[in-house]
Protein chains: 2
Amino acid sequence: MTDDRWVAPAVPLAVDLVILTLRRSRLHVLLVERGVEPYRGAAALPGGFLGHLEEDLTAAAHRELLEEANLDAETLPLEQLGVYGEPGRDPRGRVVSVAYLAIAPRLPEPTAGTDAADARWQPVDRVLSGDLELAFDHRRIVADGVERARVKLEHSALATAFCGPIFTITELQEVYEAVWGIPLDPRNFYRKVQKTDGFIVPVGSARKAATGRPARLFKAGPRAVLYPPMVRPAESSSTEGAVK
Amino acid sequence: MTDDRWVAPAVPLAVDLVILTLRRSRLHVLLVERGVEPYRGAAALPGGFLGHLEEDLTAAAHRELLEEANLDAETLPLEQLGVYGEPGRDPRGRVVSVAYLAIAPRLPEPTAGTDAADARWQPVDRVLSGDLELAFDHRRIVADGVERARVKLEHSALATAFCGPIFTITELQEVYEAVWGIPLDPRNFYRKVQKTDGFIVPVGSARKAATGRPARLFKAGPRAVLYPPMVRPAESSSTEGAVK
DNA sequence: TAGTTTTTTGTCACTCTGACAGAAATGGGA
DNA sequence: TCCCATTTCTGTCAGAGTGACAAAAAACTA
């Protein structure tokens, strides 16, 4: 430690991406089929090593997304999710991975890129339930990403980003229900979003419908942080929050 | 990229520590005076490079804390704060740093360790105001850590960890006031913490005081997450939350 | 025209909060 | 001893927000 010419150990650095979107009212995550060892053939998050020593982390994230799933996410706001770096998480040796989270409206169907044999959307509950196994510690990373998304829906207007540019209140409600995984009362939800100033703004009262009363149309409002927040009903578990 | 024998670039990995505590009812952060270049003599967060290639990140964090400030933080729960890795943040070249946050009751006065010329507590407002300049991007890291602490006080019983094992409600209020940086109404605060089930529990109704009515004594309750949360008054700024 | 479906407007009781009044329990002078 | 300053604790009151639910409004269908 007090060596005169001690050199800091350098660690191979990777990025992993949790890309969430909504498809048929269910939350999906983008997964690729690994085309190389280790875990060849297994499902995994898109991601990979830094391209070169000076590459920015977010730049690497965008590049990997393009390479592995042909998704140009240049416009996607990537949010840092965390660092996953326990020794032993990668059979190749020490690798530290920085996970990023993106949440987006309907994205195009991805196509396989260079390092990945396949790329497609998978429902998150299949991943979280363990029904679909992921390589490395990627299941945990997905779980962390989903939890982050749930919290963000409470305090930010992020939900509007899941919808198209124009949407109905019911569609917005479906976003919350899909991400939170619980049903909400349409009438209370309607009241809440309506009186949350700047959350949504009505757009030329056009209409819409297949059956039932036509719904008003809205677009995202100017407010990014919601105060007071949307309240997520308390977990049913009675011992929730207890420790010791 | 499709090179057959391409090797993943390895990056020197460091950890930085934001240790927050309360002293004389003000929030303080642990800083060291750098004993080596770059930024020799400047104030900085304790931290340093990974000791060896297989060292765990949190292990490195604990080790650095011991080395630089002689604080045995084995028991401190360290929480990951984020990754700071833009190229150019370190004049020595590419370095990626993982920041950790710890929040603790009165810790002993630190003493300088091997790599640091000095180690001491500094009020966070001196850092955030720019009055006290920090090396690297450490001011930003401190700001992120303080903001995280503020949010944690809302949703968790963390505030009790700042107090001693036994405390009065007023002392608990002072924690909130110091971290949030705003005054609170003692009567409403009293009511709120009292009826938040499991937050604090009365301990043998002993007493205390210098002047005024003696206060009841409490200890931390079993509840770790607060629901409903403690509400932090909305920021005064009127355009808060506006975007675009 | 009656029934179905979905959206929208209300209602009611309850909880939580901010603002504030004032009583209770102590120590310190005069 | 008696009043006062100080701090803790107990209330009160009005307003905002929420969960649960009723019912009207606006379509389409049979």
Study note, to complete from the structure: Sorted by position of nearest nucleotide on DNA chain D, 5' first, the leading residue of B:Thr211 and A:Asp185 is B:Thr211
Check your understanding: How long is the line joining CD of A:Glu174 and P of C:dT6, in whole Å?
Key -> 11 Å
Point to revise | Partners passing ring-ring contact (aromatic ring centres under 6.0 Å, His included) against A:Tyr84 (at least two apart in sequence or in another chain) | key: none
Show the distances under 3.5 angstrom between N or O atoms of the protein and N or O atoms of nucleotides 8-10 of chain D.
| residue | atom | partner | partner atom | Å |
| --- | --- | --- | --- | --- |
| D:dT8 | OP1 | B:Thr170 | OG1 | 2.6 |
| D:dT8 | OP2 | B:Thr170 | OG1 | 3.4 |
| D:dT8 | O2 | B:Arg213 | NH1 | 3.3 |
| D:dC9 | OP1 | B:Arg216 | N | 2.6 |
| D:dC9 | O5' | B:Tyr190 | OH | 3.0 |
| D:dC9 | O3' | B:Arg216 | NH2 | 3.1 |
| D:dT10 | OP1 | B:Arg216 | NH2 | 2.6 |

Point to revise | Sub-4.0 Å heavy-atom contacts from residues 152-162 of chain B onto DNA chain D, ordered by number | key: none
**Study point:** Residue-phosphate contact under 4.0 Å: A:Lys192 side-chain N/O, D:dT18 OP1/OP2
**Key:** yes
Exercise for review: Assess the pair A:Tyr176 and A:Phe189: is the distance between their ring centroids shorter than 6.0 Å?
Suggested key: yes
Practice item. List for me each residue that meets side-chain contact (heavy atoms from CB on, under 4.5 Å) alongside B:Lys152, sequence neighbours excluded, and say none if there are none. Key: B:Glu79, B:Arg148, B:Ser156, B:Leu158
Review point. Rounded to the nearest Å, what distance is computed from the CG atom of residue A:Asn188 to the P atom of nucleotide C:dT8?
Key: 15 Å
Check your understanding: Who passes side-chain contact (heavy atoms from CB on, under 4.5 Å) against A:Tyr190, sequence neighbours left out?
Key -> A:Ile169, A:Gln194, A:Arg216
Check your understanding: Quick one: B:Lys195 NZ to C:dG18 P, roughly how many Å, whole number?
Key -> 12 Å
Check your understanding: Between C:dT8 atom P and A:Gln173 atom CD, what is the distance in whole Å?
Key -> 11 Å
Review point. Atom CG of A:Asp197 and atom P of D:dG17: how far apart are they, to the nearest Å?
Key: 11 Å
**Study point:** Point-to-point distance, once rounded to the nearest 0.5 Å, from CG of A:Leu30 to CG of A:Leu65
**Key:** 6.5 Å
Check your understanding: With sequence neighbours excluded, what pairs up with B:Phe136 under the ring-ring contact (aromatic ring centres under 6.0 Å, His included) test?
Key -> B:Tyr39, B:His138
Review point. With sequence neighbours left out, what residues match A:Arg126 under side-chain contact (heavy atoms from CB on, under 4.5 Å)?
Key: A:Gln122, A:Pro123, A:Asp131, A:Leu132
Practice item. Rounded off to whole Å, could you give me the CZ-to-P distance for the A:Arg232 and D:dT18 pair? Key: 16 Å
Check your understanding: Looking at residues at least two apart in the chain, or sitting in another chain, which of them share a side-chain contact (heavy atoms from CB on, under 4.5 Å) with B:Thr168?
Key -> B:Thr170, B:Glu171, B:Lys208, B:Ala215, B:Leu217
Review point. ring-ring contact (aromatic ring centres under 6.0 Å, His included) with B:Trp121: which residues, sequence neighbours excluded?
Key: none
Point to revise | Euclidean distance, atom CG of residue A:Leu172 to atom C1' of C:dT7 [Å, nearest integer] | key: 15 Å
